[in-house]
Chemist: 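This is the structure, below, for whatever I ask next.
Every chain is numbered from 1 and lettered A, B, ... according to where its sequence line falls, protein lines coming before strand lines. Just so we're clear, the structure is a prediction, and the values are computed from it rather than from any experiment. These values consider heavy atoms only, across backbone and side chains, with no hydrogens, waters or symmetry-generated copies.
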Amino acid sequence: MSDERPLLQVRNVGHRYGDWLGCRDVSFDLWPGEVLAIVGESGSGKSTLLNTLSQRLDTSEGSIRYRLDGGDVVDLADLSESAVRRLWRSEWGFVHQNAADGLRMHVSAGGNVGEPLMANGWRHYGRIRAAATDWLERVEIPRDRVDDTPAAFSGGMRQRLQIARNLVVSPRLVFMDEPTSGLDVSVQARLLDLIRSLVSDLGLAMIIVTHDLAVARLISHRTLVMKDGHVIESGLTDRVLDDPQAPYTQLLVSSILQG
Amino acid sequence: MNPDQIEYNIGYLDEQTKRMIRRVLLKAVAIPGFQVPFASREVPLPRGWGTGGVQLTAAVIGADDTLKVIDQGADDTTNAVSIRAFFHKVAGAATTTRTEDATIIQTRHRIPEASLTYGQIMVYQVPIPEPLRFLEPRETETRRMHALNEYGLMYVKLYEDIARYGHIAKTYDYPVLVNHRYLMAPSPTPSFDNPKLHQSQALHIYGAGREKRIYAIPPYTDVESLGFDDFPFEPQHFDQPCAICGSTGVYLDEIITDDAGGVMYACSDTYHCERTAARLNEEIPA
Amino acid sequence: MTTNQPILAVSDLDKTFTMHLQGGQGLAVIRGLSFDLHASECVVLGGASGSGKSSILKMVYGNYAVDRGKVLLRAGGIDIDIATADPREILAARRHAMGYVSQFLRCVPRVPALEVVAEPLIERGADPMDAEERAASLLSRLGIPERLWGLPPATFSGGEQQRVNIARGFIADLPMLLLDEPTASLDARNRRVVVELIAEKIEAGTAMLGIFHDAEVREAVADRVIPVEDFTPMVRAMA
């Protein structure tokens, strides 16, 4: 938090699918250690925005400036594909809604968590395995499951494994796309609690897409509300949820948050 | 028509095709270990039986070449004999079983025991050219990994082996890094033969007919078999000598000798075995 | 005291809720509220329930948007107008300058009571051992039996949860505390403990802005009472 320069500076960003705009005119700054929630209904453009920010989709308009680990600020559009992939490997994480999209289902849990380390040049089996096992423990997967494949895991465990795989390289920025939807409510609570504590322990910056305002309230500092590809309201999460200004946000809050 | 009256172009393939393959080969030699796509043709054997190797041989062979063909190290199997006969017929090339006399050696599994020399060409028949294929099914993605030098995934395979078996269990088609840059599958050669690729004097060219890829290791190229710091690459080794010729430090085949579980181990390289056995006989005073 | 800079200076504060789901009907809650709050001072917001007292606390805390006016906060290295500050500045103010104690505990499942209470100190860089020691002493004072400290408060009774929440709210040493009926539905013994805690904080220099329905508590702690009804058009209209 002591670092006074934003990690990400997003200005008027949009992504087009042909003639159709997935999202448009999005601007915000993200600082180290800050958790930003992007909320909205399906089709509101929140996942498009997340994919654009993480460079999985191209930036059709606007600019995204990112401060590299070394301190240099770069415009993501200027980076080569290999430089972007280096960011994916070493500075960013991406947690998919469906764990199967973010894991190798037929590779052991240890191999899944170890892969990013190997991609970053780790070449000592013992150390890779030790680091992977430690991370399994941090995400509450028993150490003795290290050689089992995620195909044999429950939904909650798979999602925790995916988180371990993303955090093992100590990223600076993690993107999450509906990480808890599709899980049982009790499993959701545990996962959210885990994400919350990991993010605060590691001082990560995170952008999380969710349709669930309770998720936003529990783990984010700030919230962007999206509708029809536009950000219609933004601010401190508790301000947005407790005193929503835009008609649509009021509708969302009144229809979802009961009790 | 009488089959004897059919005239084939030299090397069976037409000149345009041979030129195309040679151009691809030049590119492959220029970028060691890189898989170059090529327009694989029909040849008179089924795909998967060595059509890639046959096309390569056809593109480089001439009447002054001497061809050796081995299958599992043996010169006398059906496939090896047929391919030798084929090129003798369509290219007028001499054939041999003697490694040191051959200018071109086509193989599926083995690299001969005798050291190869500058000027020789090893031609490999490759079934699956992409070493990352079984880990990453998308060709677009594996190509990108090669382009960006992202080979972490290959180590995942080795990691999985150690986690499961306590050692790297891969004993053939063991992945190598060519010229410190491209990850390459040395086709189904045993890992025993991997060290022979490093700084080899010969040119090694690989053809995958079904997958339509050609790649190469030029002479005097660094070829590193992958491993971990604490689990380095270890080629297979055999404790016993060849039961026929007594050679040690060679690749042995397990031969079942009876119905009672009797087994003997003998050289897979039949030429090497015969030659060594013959020398042994000469040395024994009559 | 008059020469001292106030910790909090509220001026000409307006707040209207626009109910878009009810045809955009405007609900004016506060009009033209101004007051100052100094160190070691306890100011109580007085008035009937529904008069907008909680809204004032929430605006000061940055939880509700301010339509017009200034909410200047100057303490703990923070010098901002809450009314216009960006989220990051408000978060920093909450970290370094102001705390909020409500009667409801909103906390994560699975975290034991002792950690819930110690967390605000640890977040601000305190040694975890020291923080837990202070948390333990607060929980004892508030009559939470030691056997409960290792359990998550979600499993506690309403009264116990409320006391855990008070301990959490009082543990950090912040220049300003906002109290939203912290003593509601506490028994006499625990009410006394809370009054003691407030007195200790004031003694140590903390500025308090609070809502207390309990007249006894209010009289015990208040330096001044602001009659919120004077600034609430809706309540006046209804009266």
Chemist: Sort and list the pairs that fulfil ring pair (Phe, Tyr, Trp, His ring centres under 6.0 Å) and have at least one residue in residues 154-174 of chain A, not counting sequence neighbours.
Modeler: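 Residue pairs with at least one partner in residues 154-174 of chain A: there are none.
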Chemist: Sort out for me which of B:Leu226, B:Leu153, B:Leu158 touches chain A most, counting heavy-atom pairs under 4.5 Å.
Modeler: B:Leu153
Chemist: Please list every donor-acceptor pair closer than 3.5 Å that links chain B with chain A, giving the two atom names and the distance for each.
Modeler:
from, atom 1, to, atom 2, distance (Å)
B:Glu141, OE2, A:Arg85, NH2, 3.0
B:Arg144, NE, A:Glu81, OE2, 2.6
B:Glu150, OE1, A:Arg85, NE, 3.1
B:Glu150, OE1, A:Arg85, NH2, 2.7
B:Glu150, OE2, A:Arg85, NE, 3.0
B:Glu150, OE2, A:Arg89, NH1, 2.8
B:Tyr155, OH, A:Arg123, NE, 3.2
B:Tyr159, OH, A:Arg129, NH1, 3.1
B:Glu160, OE1, A:Ser108, N, 2.8
B:Glu160, OE2, A:Ser108, N, 3.3
B:Glu160, OE2, A:Ser108, OG, 2.4
B:Ala163, N, A:Tyr125, OH, 3.4
B:Asp229, N, A:Arg123, O, 2.6
B:Asp230, OD1, A:Tyr125, N, 2.7
B:Asp230, OD2, A:His124, ND1, 3.2
B:Asp230, OD2, A:Tyr125, N, 3.4
B:Asp230, OD2, A:Gly126, N, 2.7

Chemist: Going by the salt bridge (charged side-chain N to carboxylate O under 4.0 Å, His left out) test, which pairs reach into residues 206-223 of chain B, not counting sequence neighbours?
Modeler: B:Glu139-B:Arg213
Chemist: Does atom OH (B:Tyr172) have a neighbourhood of more than 12 heavy atoms from anything else shown, all under 6.0 Å?
Modeler: no
Chemist: Determine which residues belonging to residues 184-204 of chain B lie within contact range of chain A, meaning some heavy atom pair is under 4.5 Å apart, and list them by number or answer 'none'.
Modeler: none
